[in-house]
Protein chains: 2
Amino acid sequence: MTRQRRVILEEIRRFDGHPTADEVYEAVRKRLPRISMSTIYRDLEALCEWGKIQVLEVGCSKKHFDADTNNHYHARCIRCGRVTNLPVQPFTYLEQAFRDLCDYKVIGHRLELIGLCPDCLKQQKEKQRQAATEPVEADKKG
Amino acid sequence: MTRQRRVILEEIRRFDGHPTADEVYEAVRKRLPRISMSTIYRDLEALCEWGKIQVLEVGCSKKHFDADTNNHYHARCIRCGRVTNLPVQPFTYLEQAFRDLCDYKVIGHRLELIGLCPDCLKQQKEKQRQAATEPVEADKKG
DNA sequence: CTAGATGCAAATTCTTTGCGGTCAA
DNA sequence: TTGACCGCAAAGAATTTGCATCTAG
């Protein structure tokens, strides 16, 4: 357990929500300015293998990292990509139900809620209010 | 609706499971050998916008495409990445339940089963059988 | 001391974009 | 005819890898 890995783990634990690799990088860089992105990726992988963190493969493109390795569900903001926990125990009965319905060997399941996070919801309402007040520019056609 | 788009749509519909962009490319290329990857991506996007197909953001890294645009659940093979349908109606009550539990504006939800597809399961069993028969090489330590 | 970890840069993988030529409506 | 579309090549974004150096145990 090197200095870098310790700091990475601490920053993931401290993070509000579940950071992506570059969010981890930005946070860690404040304490270890010379750390490189490849170290971030390599150490994230190592921490996963040691069971210290888990990867959240929510949505596509970017991976998120979570210091809580217990199974739990997440909500994902469709606008900013933020990922937060859902305060419920996973429904394990779902897996048993699906075992009878498909020919896969079931290992686990993932459930994610798609929506707008409070911040983005606020911004969206703000925009709608502005749109209702201002003259309608979009209707000008020529 | 161009020739390319028609063929792309047909090949997605014909595909056993839900192809990734490069799987679509390989399938389409047999009928339109000069088609390019950028056309595949652009046409997949157009078909999505027209509601002819949907993107499945299962797991990470690669997008999968699905000619069935109704909401439904999927199973994903952890080994080969294959994605197949689960024969159940989505549990809409989950969204209502989660509305009371988080401060997101809930738009939808995704549920995916993680496991081994029949093919990979077969291969894994094959390997295990071999391992049980052969001398244990991994135990040689020096 | 030494195996393994680090930092840097270059390579990979998946996806998107710019551009000149082409095709369907 | 002409605006949308195509193929090609090059750019981007996220992640991985090769390699020389360094460091924790």
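Treat the numbers as computed from the prediction; the structure is a model and nothing was measured. Throughout, a chain's letter reflects where its sequence line sits, starting with A, and its residues are numbered from 1. Just the heavy atoms: all of them, side chains too, but no hydrogens, waters or symmetry mates, feed the values below.
OP1 or OP2 of C:dT6 has at least one side-chain nitrogen or oxygen of A:Thr2 nearer than 4.0 Å. Listed pair A:Arg5 / C:dT6 meets the phosphate criterion, a side-chain N or O lying under 4.0 Å from OP1 or OP2. For C:dA24, the OP1/OP2 oxygens have no side-chain nitrogen or oxygen of B:Gln4 closer than 4.0 Å. A sub-4.0 Å separation between OP1 or OP2 of D:dT15 and a side-chain N or O of A:Tyr41 is present. Side-chain nitrogen and oxygen atoms of B:Lys63 include at least one within less than 4.0 Å of the OP1 or OP2 phosphate oxygen of C:dT16.
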* **B:His109/B:Glu95 under side-chain hydrogen bond (donor to acceptor under 3.5 Å, both in side chains): CA gap, chis, key distance, verdict** => CA-CA 7 Å; B:His109 73 285; B:Glu95 291 178 22; 2.8 Å; yes
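One donor-acceptor pair, N or O on each side, does fall under 3.5 Å between the base of C:dG7 and the side chain of A:Arg42.
Residues of residues 18-38 of chain B that place a heavy atom closer than 4.0 Å to DNA chain D, in numerical order, are B:Arg34, B:Ile35, B:Ser36, B:Ser38.
A salt bridge links B:Glu126 with B:Arg129; the closest basic N to acidic carboxylate O contact falls under 4.0 Å. Ion pairing of A:Glu11 with A:Arg31 is present here, as a side-chain N (NZ or NE/NH1/NH2) and a carboxylate O approach within less than 4.0 Å. Between B:Arg29 and B:Glu26, at least one side-chain nitrogen of the basic residue sits less than 4.0 Å from a carboxylate oxygen of the acidic one, meeting the salt-bridge criterion.
Looking at heavy-atom distances under 4.0 Å, B:Thr39 makes contact with a base.
Among A:Asp68, A:Asn85, A:Thr84, the one residue that satisfies the side-chain hydrogen bond (donor to acceptor under 3.5 Å, both in side chains) test with A:His18 is A:Asn85.
B:His64 has its NE2 atom 12 Å from the C1' atom of C:dC14, to the nearest Å. The distance between atom CD of A:Glu45 and atom P of C:dA5, rounded to the nearest whole Å, is 11 Å. Separating the NZ atom of B:Lys62 from the C1' atom of C:dT13 is a distance of 9 Å, rounded to the nearest angstrom. Atoms CD1 (A:Ile40) and P (C:dC8) sit 12 Å apart, rounded to a whole Å. Whole-Å rounding puts the A:Trp50 CH2 to C:dA5 C1' distance at 10 Å.
Taking every side-chain heavy atom of A:Asp43 into account, C:dT6 is the closest of C:dT6, D:dC6, C:dC14.
When ring centroids are compared, B:Tyr73 and B:Phe91 come within the 6.0 Å threshold.
With A:Glu23 contributing its side chain and A:Thr20 its backbone, the two residues share a donor-acceptor pair below 3.5 Å.
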